Structure formats: structure tokens, C-alpha cells
Amino acid sequence: VLGERAAHADAPLHVPLAALLAAPSVGCAERSAPSAREVPLLAELALAHSAGAVGYWRAYCTLVLRAALGLFARYGVALELHQQNSLLQLRAADGWPELLICREVAGGAYIDDGVFAATVAPSVRPMLHGRQDAIVDAELSFSSFFHSTIAMHLLPAGACIAAASRGRGADGLDEARMVRELRTCAAAVLDEVDAELGRLPHALDGADGARADVARAHARAVRERLLHGEQAPRKCLLLMRLLGSKSERFVSTRNPLHAAAHAPPSL
């Protein structure tokens with residue numbers, strides 16, 4: 001497919017993440033089950049790219065996190081960027097990730113009310129979708145961000161590439177390296193946010209400074225929970241189905257990005 005599209009450089013390929021993580025023969029009735037040599041499209045693109053699997057994964061993480069984590073750390077807005085909602089724009093010639101598109105915003109946004117009020121002009125609030133359940137507290141907004149973007153998007157995408165990399169040695173991406181690169185990219189995005197917020201006024205400068213202080217405190221809290229928290233939230237979908245409820249239910253699990261898990265061994 002990429003070869004056919006390469007001749008049309010101005011027409012990039014748009015693929016849902018769910019399709020990128022599927023083996024080529026899934027859903028094709030005329031073909032047998034996937035063979036051991038068949039790998040999901042995302043892994044195929046990463047392993048074949050001239051940047052290597054690590055370089056491709058680093059670019060993928062940076063693209064997703066600058067969009068999702070950048071939005072959440074700055075404004076307290078978490079989008080449901082899970083596998084169904086995430087549409088990736090890939091360069092036609094080689095499948096390089098160029099753009100992340102959220103396919104659902106009417107019912108897939110969770111907004112931290114306090115941070116949003118401090119960082120976004122008051123005139124924006126009336127323009128929001130009428131659903132009041134989009135305006136939530138800090139805990140639910142972070143839980144929604146972590147579950148959708150980290151647990152249900154980036155970690156499965158990285159695991160897909162890591163699984164296909166087995167036996168490739170330095171040309172592949174093992175799971176430990178995958179998580180380290182993800183953590184490094186997240187820290188880099190948060191550094192960008194901190195640098196930007198650091199240029200804003202401070203509390204002694206009046207109301208604008210007070211609002212900027214709220215934004216800085218939020219960004220620090222996001223960094224602490226994302227990179228240094230031992231536990232992380234996961235949506236308990238089975239419990240929600242058993243209860244026949246659409247109310248969000250989360251449980252705490254081990255945080256794979258926790259700093260201690262990636263510290264160098266002591267001598």
C-alpha cells in the first residue's frame with residue numbers, strides 16, 4: 001500500500017491505530033490465519049524504516065505526547081486517544097508518523113475545571129460542547145489521560161513493535177527499551193511545557209500571575225504522577241459492564257513509567 005501511495009507524496013495515508021496494531025490478514029475472510037511471519041503494520045513500518053525501530057518509536061511517542069500530554073499539562077484537557085479514536089497520518093513514502101488526529105471530541109474530552117478556568121480565556125467556556133460531564137475534577141482528568149493515552153495507546157503500540165523485534169538484536173526494540181524511550185519522551189514534552197510556563201508572570205504580578213501559578217502547579221503535579229508515582233489509574237471496564245453503568249470506574253495498578261523502575265542499578 002505504501003509503495004502505491006509513494007507516487008502521490010501530497011496524499012498521506014490515514015490509518016486508525018486499531019488497524020495499525022492488527023495483523024494483515026485479520027478481517028480478510030479469503031485468507032487463512034496470520035502466519036508467524038506476519039506482523040502488525042505499525043511494527044512492520046518501524047522495523048523497515050531507515051531510522052530503525054528505536055528511532056521510529058521515539059518519533060511516534062514524541063508525536064503523540066506533544067499532542068496529548070502537551071494539551072493536558074498546559075490546559076488540563078484530556079482526550080480519549082485510545083485505539084478506536086486515534087487516527088494516524090503517515091507519510092506515504094515510508095509510513096513516518098506525521099500527525100495525530102482525534103476522531104471523537106463530542107464525547108471524548110475530560111476537562112480539569114480548575115486548570116481550564118485558569119489557563120483558557122473565559123469566552124471559550126460557552127463554546128464548549130453542552131455535555132456537563134466533560135467538566136471534571138483533577139483526579140478523573142488525569143485518570144482519563146493515563147488510561148487512554150498511555151495504557152491503551154502508547155504501551156500497546158510499543159509492545160506491538162517490541163514483540164515483532166524479538167530475535168533482531170540491535171535492529172529491534174525490546175520492551176524495556178520501549179518503556180524507557182516512552183518515559184524519556186514524556187519528560188522532554190514536560191520540559192517544553194515547563195519552559196513555556198516559566199516565561200509567564202508570577203503571583204506577585206497580579207491576577208495573570210496567579211493563574212499562571214495554577215498552570216505551573218498543575219504541570220508539576222502531572223510530572224510527579226506520570227513519572228514518579230508508583231501507582232497509576234486504569235479504567236475498570238469489566239466492572240462497569242457488570243454494573244451496567246457508564247460511570248467511570250478506575251483501579252490503581254503499577255505505574256510502568258515509575259522512576260525507580262528505570263533507575264540505573266546501584267554499585
Side-chain angles (χ1 to χ4, degrees), residues 13-23 26-27 40-43 45-46 56-57 59-73 75-90 97-112 129 131 133-163 175 178-179 181-183 185-186 189 222 225-226 229 231-243 245-257:
L13 193 65
H14 293 93
V15 188
L17 177 59
L20 285 172
L21 299 183
V26 169
L41 177 58
L42 183 64
L45 293 172
Y56 189 96
W57 173 238
Y60 187 96
C61 287
T62 299
L63 175 70
V64 172
L65 290 170
R66 275 187 172 156
L69 178 56
L71 181 66
F72 183 64
Y75 305 110
V77 178
L79 299 180
E80 280 196 310
L81 288 166
H82 52 61
Q83 297 169 28
Q84 176 183 335
N85 285 352
S86 298
L87 188 70
L88 276 301
Q89 177 175 303
L90 307 177
E98 293 184 318
L99 189 68
L100 172 66
I101 302 168
C102 181
R103 302 201 299 171
E104 178 190 5
V105 292
Y110 295 82
I111 302 172
D112 183 326
H129 191 275
R131 284 185 50 193
D133 58 348
I135 308 298
V136 300
D137 59 27
E139 181 61 28
L140 181 52
S141 64
F142 179 83
S143 296
S144 300
F145 162 76
F146 190 95
H147 175 78
S148 296
T149 301
I150 305 299
M152 296 300 293
H153 184 141
L154 287 169
L155 288 175
C160 163
I161 299 173
E175 190 139 356
M178 177 272 288
V179 178
E181 292 290 344
L182 169 54
R183 191 178 190 281
C185 290
V189 169
V222 171
R225 290 203 64 181
L226 183 62
Q231 298 290 307
R234 292 291 301 272
K235 188 180 289 188
C236 196
L237 294 169
L238 177 58
L239 177 60
M240 290 168 59
R241 299 297 178 263
L242 290 174
L243 293 174
S245 171
K246 289 188 176 181
S247 298
E248 309 290 351
R249 299 295 182 100
F250 290 88
V251 295
S252 291
T253 60
R254 182 187 66 84
N255 180 9
L257 303 185

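As the structure is a computational prediction, the values presented were derived from the model and not from experiment.
Atoms OG1 and CD, from Thr253 and Gln231 in turn, are 6.5 Å apart once rounded to the nearest 0.5 Å. The CD1 atom of Ile101 lies 11.0 Å from the CG atom of Leu81; values are rounded to the nearest 0.5 Å. Rounded to the nearest 0.5 Å, atoms OH (Tyr56) and CD (Glu181) are 15.0 Å apart. Expressed to the nearest 0.5 Å, how far CG of Leu100 lies from CZ of Arg66 amounts to 13.5 Å. One finds the CG atom of Leu65 at 9.0 Å from the NE2 atom of His153 (value rounded to the nearest 0.5 Å). Residue Ser141 holds its OG atom at 4.0 Å from CG of Asp112, rounded to the nearest 0.5 Å.
Taking both residues in full, the closest heavy atoms of Ile161 and Trp57 are given as CD1-CE3, 4.0 Å, listed atom of the first, atom of the second, then distance. A pairwise comparison of heavy atoms in Glu98 and Leu63 identifies O-CD1, 3.6 Å as the closest pair. Residues Leu257 and Leu226 share a closest heavy-atom pair of CB-O, 3.4 Å.
Heavy-atom neighbours of Gln84 CD from other residues, nucleotides or ligands within 6.0 Å: at or below the threshold of 12. Other residues, nucleotides and ligands contribute over 12 non-hydrogen atoms within 6.0 Å of the CD atom of Gln83.
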With side-chain contact (heavy atoms from CB on, under 4.5 Å) as the criterion, how do Phe250 and Glu139 come out once you've worked through the C-alpha distance, each side chain's angles and the decisive distance to 0.1 Å?
CA-CA 10 Å; Phe250 290 88; Glu139 181 61 28; over 6 Å; no

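Looking at heavy atoms from C-beta onward, Leu42 lies out of side-chain contact with Val15 at the 4.5 angstrom threshold.
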